[in-house]
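Below: one structure, written as structure tokens.
Every chain is numbered from 1, with letters handed out A, B, ... down the list of sequences.
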There are 2 protein chains.
Amino acid sequence: MQSAPATRREIPGATVARLPVYLRALRAAAAAGTDVISSEELARAAGVRSSGLRKDLSFLGSYGVRGVGYDVEHLTEEISRELGLHREWSVAIIGMGNLGHALAAYSGFATRGFSVRWLVDSDPAIIGRTIAGKTVIGFPQFEQFADDGVIAVLATPPASAQAVTDQVVALGIRSILNFAPVPVHVPDGVEVRKVDLATELQILAFHGQRAGVEA
Amino acid sequence: MQSAPATRREIPGATVARLPVYLRALRAAAAAGTDVISSEELARAAGVRSSGLRKDLSFLGSYGVRGVGYDVEHLTEEISRELGLHREWSVAIIGMGNLGHALAAYSGFATRGFSVRWLVDSDPAIIGRTIAGKTVIGFPQFEQFADDGVIAVLATPPASAQAVTDQVVALGIRSILNFAPVPVHVPDGVEVRKVDLATELQILAFHGQRAGVEA
DNA sequence: TAGATTGTTAATCGATTAACAATC
DNA sequence: TAGATTGTTAATCGATTAACAATC
């Protein structure tokens with residue numbers, strides 16, 4: 001087991017959130033045949049400023065060459081490693097309502113290396129049914145597979161989101177993507193990210209209305 | 001036409017992003033029969049600190065009563081108005097691939113007052129098909145309906161995201177929810193929010209890996 | 001009045017940005 | 001060497017938080 005270099009700083013949350021964006025831009029560059037890329041070019045592709053990009057990358061280490069730029073393959077590798085993408089991550093979708101169905105059919109997870117392995121629901125009427133080629137299982141069966149290499153995608157109704165969260169945390173899951181439109185509480189060491197589609201629309205409504213007033 | 005009070009401050013972006021969360025918590029409180037709620041209670045329901053909640057609300061005006069709390073109905077009304085939810089907002093989903101299908105079937109938009117009115121695609125093989133009870137139309141037909149009361153939900157492949165963005169902006173649309181995993185560029189006065197599901201998983205992977213290392 | 005809770009202040013914290021010395 | 005571009009600094013900006021005076 002190797003330890004990180006002593007100079008390694010804690011990576012700010014805002015930086016972590018941008019690493020996947022850089023990764024995608026790097027892969028696009030590689031696909032276009034680019035071997036070396038400058039912070040200016042990469043920043044443009046990622047939609048950020050070059051100074052911010054360089055600052056973000058400086059938290060990972062010193063992977064650029066002054067006067068030249070960044071080696072696309074090497075930087076891709078370093079960011080992937082930093083993000084933990086060399087580990088196997090499986091996804092379990094919990095809650096097979098409307099949104100759960102939609103997510104089960106969505107191929108965007110797989111294209112980035114996350115395989116949707118389990119569809120879970122507590123309703124006996126749904127357990128056993130096949131959705132997007134997979135059989136829906138109940139919690140007792142899911143319990144055998146769940147561990148800290150699994151990301152739980154919560155697509156339950158808001159009323160049961162907290163109870164289901166408590167269940168998956170008890171199974172050892174430490175990463176939760178919450179689509180239920182309520183905040184859930186978790187113990188330390190468990191990470192929750194929240195996606196709320198209706199909230200995004202409401203934020204757009206605010207700005208749209210503003211733009212109208214100001215015009 | 002009424003002008004805003006002279007004391008009205010510009011509302012910070014971080015505050016705007018939390019208003020929908022407060023709104024939902026207020027509606028839950030109303031449904032539970034609560035008439036008046038303290039910042040402490042509302043903050044707990046919304047998953048924020050009470051001091052932050054009070055600061056957020058202070059940007060809208062002075063709607064609380066010292067020693068008492070906030071009138072649930074009144075505050076609901078004020079936040080709704082601030083968010084522009086009294087206007088009619090229609091949603092057009094652009095791009096009827098896997099994710100577009102999923103979003104068309106998702107009922108979560110409607111339950112918060114946004115009605116999905118149009119499904120749009122450029123592929124002649126898809127135009128005319130019925131998805132989730134609606135007929136898919138092409139851009140020429142969509143053009144007749146698009147205006148600044150429409151929110152465009154981009155669910156196209158990454159390669160065509162920018163071109164489609166340019167098209168909808170040209171039609172007068174000023175609010176875009178971008179599910180395509182690339183940044184799109186828009187002129188001033190057009191607001192883009194980005195939802196990237198795979199990115200969320202990658203951020204969770206980072207934290208999950210970290211937790212493992214530290215344990 | 002006494003108790004409760006808001007609205008605001010001031011301090012802290014974290015993120016962004018431009019500029020430039022370091023260096024390939 | 002000259003030109004280019006990184007990595008880092010320092011300044012700015014915006015967001016968060018605790019504390020408390022104001023006041024119902």
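The CZ atom of A:R24 lies 11.5 Å from the CG atom of A:L26; values are rounded to the nearest 0.5 Å. For the atom pair CZ of B:R174 and CG of B:D147, the computed distance is 11.0 Å after rounding to the nearest 0.5 Å.
If you check every strand for non-hydrogen atoms under 4.0 Å, B:G52 touches a base. As judged by a 4.0 angstrom heavy-atom cut-off over every strand, A:S62 is placed among residues touching the sugar-phosphate backbone only.
Contact between the side-chain N/O atoms of B:Y70 and the OP1/OP2 oxygens of C:dG7 is found at a separation under 4.0 Å.
Two end axes, each from the C1' atoms of five base pairs, can be drawn for the helix from C:dG3-D:dC24 to C:dC24-D:dG3; they diverge by 10°, to 10 degrees.
Comment: B:R44 does not engage B:E41 in a salt bridge, judged by the lack of any side-chain N to carboxylate O separation of less than 4.0 angstrom.
Between A:G13 and A:V65, it is A:G13 whose nearest contact on DNA chain C lies nearer the 5' terminus.
The side chain of B:A14 approaches D:dA15 more closely than any other nucleotide in the set D:dG7, D:dA15, C:dG7. The nucleotide whose nearest atom lies closest to any side-chain atom of B:S58 is, among D:dG7, C:dT6, C:dT8, C:dT8.
Between B:I79 and B:L57 the shortest side-chain heavy-atom distance falls below 4.5 Å.
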May I have the list of side-chain donor-acceptor pairs in residues 100-111 of chain A shorter than 3.5 Å, sequence neighbours left out?
residue : atom : partner : partner atom : Å
A:H101  : ND1  : A:M96   : O            : 3.1
A:H101  : ND1  : A:G97   : O            : 3.1
A:T111  : OG1  : A:G108  : O            : 3.0

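In this entry the distance linking CZ of B:R54 with P of C:dT9 reads 14 Å, nearest Å. Rounded to whole Å, atom C1' of D:dT17 lies 12 Å from atom CZ of B:R18. Here the C1' atom of nucleotide D:dA11 and the NZ atom of A:K55 are 12 Å apart, to the nearest Å.
Of the residues in residues 25-48 of chain B, B:S38, B:S39 come within less than 4.0 Å of DNA chain C through at least one heavy atom, sorted by number.
Between the side chain of A:R66 and the base of D:dT6, at least one donor-acceptor pair of N or O atoms lies under 3.5 Å.
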